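Order of listing sets the numbers, starting from 1, for every ligand and every atom in it. These numbers come from a predicted model, not from an experiment.
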Amino acid sequence: MSLTNAPRPLRSVLIANRGEIACRVMRTARRLGLRTIAVYSDADANARHVREADEAVRLGPAPARESYLDIDKVIAAAQRSGADAIHPGYGFLSENADFVAACEAAGIIFVGPPASAIAAMGDKASAKARMFKAGVPLVPGYHGEAQEDELLREEAGKIGYPVLLKASAGGGGKGMRVVESDREFQAALDGCRRESRAAFGDERMLIEKYLTQPRHVEVQVFCDSQGNGVYLFERDCSVQRRHQKVLEEAPAPDLPPVLRQQMGEAAVRAAQEIGYVGAGTVEFLLDAAAETAQESGSPFFFMEMNTRLQVEHPVTEMITGEDLVEWQLRVAAGLPLPKSQDALTLTGHAIEARLYAEDPDNDFLPATGTLERFGLDLNAGDLTSDRVRLDSGVEAGDDVSMHYDPMLAKLIVHGEDRGQALAEMDRALAALDVSGVTTNRRFLQRLVTHPDFIAARLDTRFIEHHHNALFASEPVSNAEFACAALVALDQLDRASDERSPWERRDGWRLNAPQHVRLAFAEAEGAPPIPVTATRSASQSTWQLSVDRDGEQHLEGRLQRLDGDAVAITLDGHRRRLLAHTDPTLDGETIILTAAGFESRLIWRRSDRVDHLPHEVEARLTASMHGTVVALLVEPGQTVEKGTPLVVVEAMKMEHTLSAPAAGAVEAFHFKVGDAVAQGDELLAFATADATEGV
Ligand code: ADP
C-alpha cells in the first residue's frame with residue numbers, strides 16, 4: 001500500500017534535523033514519493049540537506065537552542081510548509097516527549113514512538129524499574145528515588161566497587177563516572193551531580209556495578225501500531241571513545257545464535273512493555289565472564305533504550321537488506337510492519353566507521369574549517385557501491401562550523417563475512433578523499449587494522465587498552481619522502497605540459513626538467529628535508545636522493561591510474577596509492593593513502609630550486625622509438641615559440657616537435673633517416689628567456 005492512501009496518509013515530511021541524517025531520511029522519503037522539507041539555521045543556509053530538499057524553511061540563528069531545538073519554530077515551519085509528518089532524525093528533538101506532544105497537538109504525525117514511551121525510557125532510573133518488571137535482565141545496582149548522600153554511598157558499598165555513577169536524566173556519556181573505592185565516592189558523586197545539573201537540569205543519580213570488560217551489544221527493534229514487534233538482530237558498538245561510539249558492526253562477532261534470540265526477544269519485550277511504536281534500540285552490556293553474569297544467570301544486562309533511529313542503523317540495513325527509514329514512515333502512516341520475525345534474515349557482515357572532524361592526537365578536539373575536498377573514490381579503491389556506502393551531510397566546499405556535532409559522515413561496508421568487511425573498510429578509508437579539515441580517518445585506519453579488532457577481542461575500553469598502538473606517531477620513512485617527491489615531480493610535469501600545449505604527452509616530451517631539487521617537511525614549521533631527483537634516460541624513472549641524516553638513493557617512478565589513484569614503484573616495489581594534495585601556508589600537503597596507510601608531507605615549494613644551472617637549456621627528447629623524417633630549421637637559427645623543428649615518425653604516425661619558447665636551436669643530434677630511441681635527446685635548444693622553465 002502506498003503512503004498516500006495509508007490509514008494516516010503521508011504526502012510530505014519535514015526533517016527536523018541537519019547533516020547526514022537529514023540527507024539520509026530525505027533519500028528514502030523521495031524514493032517513496034514524498035515531498036521533502038528541510039529546516040535550517042543561519043549557519044546551514046547553504047548546507048547540503050537544504051540543497052537536497054524540495055523545500056527548506058529557516059528556523060533561526062546558528063545556536064541549536066534558537067533553531068533545531070526550538071519546538072515552536074519547528075512546529076511553525078511544519079505548518080507553514082504544510083508537512084504531514086515530522087521525522088526528527090537522531091539527537092536534537094528526537095527523544096523529547098514535549099515535542100511529540102506538540103506535534104500531536106498540531107495534528108502533525110511524529111515519525112517515532114508516542115510521547116509516553118519516550119517519557120518511560122527518558123529517565124534511566126524509572127526505565128530500569130519498568131524493565132525489571134518486564135523481566136529484562138539488569139546490571140545489579142541501585143535505581144531508587146531516595147538520593148541522600150549517605151544512602152547512595154551505602155548502596156555503592158553493597159553493590160561492591162568498582163561502581164558506575166550515572167545521571168538518571170543522562171545521555172551522551174555525560175554525568176557518568178567510575179568510582180573505584182569508598183574513599184572516592186563523595187567527590188565523584190559531587191562531580192556527577194554538578195555535571196548532570198549543568199547538562200540536564202537534574203541531579204538524580206543511579207548506581208550500577210561497573211563491569212570491567214563488557215561489550216556493548218544493542219538490539220534493533222521495531223513495533224507497529226497494530227501491536228506487532230520484531231527485532232532486526234544486533235549491533236556491536238564496543239569501540240568507543242569517552243563512551244561515544246566510533247565503530248559499529250552487525251552482527252555482533254561470535255554471538256551464539258541462542259543468545260542472539262534471547263537478547264532479541266528480551267528487547268522486543270522491553271519495547272512492548274512501554275507501548276512502543278516505530279524504530280528503537282535496546283542497549284545491553286554483554287559479559288559472559290563477569291562474576292555478575294554468574295550470579296544473575298544472564299550474560300547480558302539492559303542498559304537503556306534509545307527511542308529513535310540510531311546513528312549506526314545502516315549496518316543493520318546492510319545485513320537485513322531492509323530500509324529502516326522506509327519502515328519508520330510506513331509505521332508512522334499506520335501501516336503494519338513490512339515483515340514478520342520469521343521473514344527477517346541476516347546476511348554477511350557490516351561495519352560502520354564514524355568520520356569526525358576532530359584531532360584524535362589532540363584529545364579528539366573538534367576541528368573546523370572548509371572542506372577542500374570530500375568524497376569517496378570507489379574506482380580508485382576498487383570498491384563497489386552495493387558494498388560501500390557513504391552517508392554524509394557535506395560536500396566539497398562546505399564549511400564545518402563549531403555549532404554542531406563534528407560527525408561529518410559515516411562510512412559503511414558490507415562483506416560476505418567479517419574478514420571481508422574489514423578488508424573492505426580498510427580500503428574504503430583509504431579511498432576517502434577528504435582535505436581541508438582534520439579528521440579521524442588515520443585513527444579509524446589504525447583501529448580497523450589493529451590485530452585485536454581483527455580478532456574481535458572487543459570490549460568498551462578497547463581504545464583505552466590499546467592507547468599506545470592507536471595513538472603512536474609513526475616515524476616518517478625515507479620511502480615516504482621519495483613517494484611525495486614523485487607526486488610533486490608528476491605535478492611539475494603536468495604543469496609544464498599545460499604551459500606548452502603543443503607538446504604531446506603521448507609522443508614526445510620537451511623541455512621537461514631533468515634535475516629537480518625539492519624540499520618536504522613533516523609538519524608546518526618542521527625543517528625541510530631536501531630530495532634531489534634526476535630523470536633517467538628513459539624519462540619514466542627518477543633517481544631520488546633523500547638527504548636526511550646522510551643520503552639515501554632510491555629509484556622510483558609514478559604512473560597515473562584512474563582518478564586519483566597512482567602506482568608508485570620504489571626500487572622495484574610497486575604499490576597502488578591514492579594521491580591528493582591540499583594547499584597549506586607555505587606549500588602543499590601531499591597526502592598519500594592506501595589500505596592501513598596514510599602519509600602526509602608538506603611540499604615546501606618556496607624551498608624548491610627548479611633546475612640545476614646546466615638544465616636551464618631546454619632539451620627535446622624522444623619518449624618513443626621512431627625515425628627522424630625531417631629537420632625543419634638550420635642549426636643556429638633563432639626561432640619563435642611554436643616553430644616546428646623536427647618531424648619523427650613513430651607507430652605509423654608523424655609527430656612534429658616545435659620550439660617550446662623563443663630561442664635558438666644549437667644543434668641537431670640526428671639526421672634524417674636515423675632511428676631514435678626513447679629518451680634520446682634530439683637537439684639542443686636554448687630558450688631566449690633562460691629562466692623560463694617549469
Ligand atoms: P549514555 O546514555 O550517556 O550514552 P549509557 O548508559 O548508554 O550512557 O552508557 C554508555 C556507555 O557507558 C556504554 O556503552 C558502556 O560502554 C558504558 N557503561 C554503561 N554502563 C556500564 C556499566 N554498568 N559497566 C561498564 N560500562 C558501562
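Here the heavy atom of the protein found nearest to atom 22 (C) of ligand 1 is L285 CD1, 3.3 Å. Looking only at protein heavy atoms, the nearest one to atom 7 (O) of ligand 1 is E304 OE2, 2.7 Å. Looking only at protein heavy atoms, the nearest one to atom 2 (O) of ligand 1 is K124 NZ, 2.5 Å. Annotation: atom 6 (O) of ligand 1 to nearest protein heavy atom, K166 NZ, 2.8 Å. Distance from atom 16 (O) of ligand 1 to its nearest protein heavy atom, with residue and atom name: Q240 OE1, 2.8 Å.
Counting only residues at least two apart or in different chains, salt bridge (Lys or Arg N to Asp or Glu O under 4.0 Å) contacts with residues 168-180 comprise R177-E195. Among residues at least two apart or in separate chains, salt bridge (Lys or Arg N to Asp or Glu O under 4.0 Å) pairs with a member in residues 249-259 are E249-R418.
Figure legend: R241 and F364 shown as a cation-pi pair, the cationic atom lying under 6.0 angstrom from the six-membered ring centre and within 45 degrees of its axis.
At a heavy-atom cutoff of 4.0 Å, ligand 1 is contacted by both the backbone and the side chain of L211.
Every atom of ligand 1 with a heavy atom of K209 under 4.0 Å away is listed here by number and element: 22 (C), 23 (N), 24 (N). Against a heavy-atom cut-off of under 4.0 Å, H216 is close to the following atoms of ligand 1: 13 (C), 14 (O).
Counting non-hydrogen atoms of other residues, nucleotides and ligands closer than 6.0 Å to CD of E145 gives a total of 12 or fewer.
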| request: Let me see the working for H49 and I15 under side chain to side chain contact (heavy atoms under 4.5 Å, CB included), right down to the final yes or no. | output: CA-CA 9 Å; H49 74 281; I15 297 91; over 6 Å; no
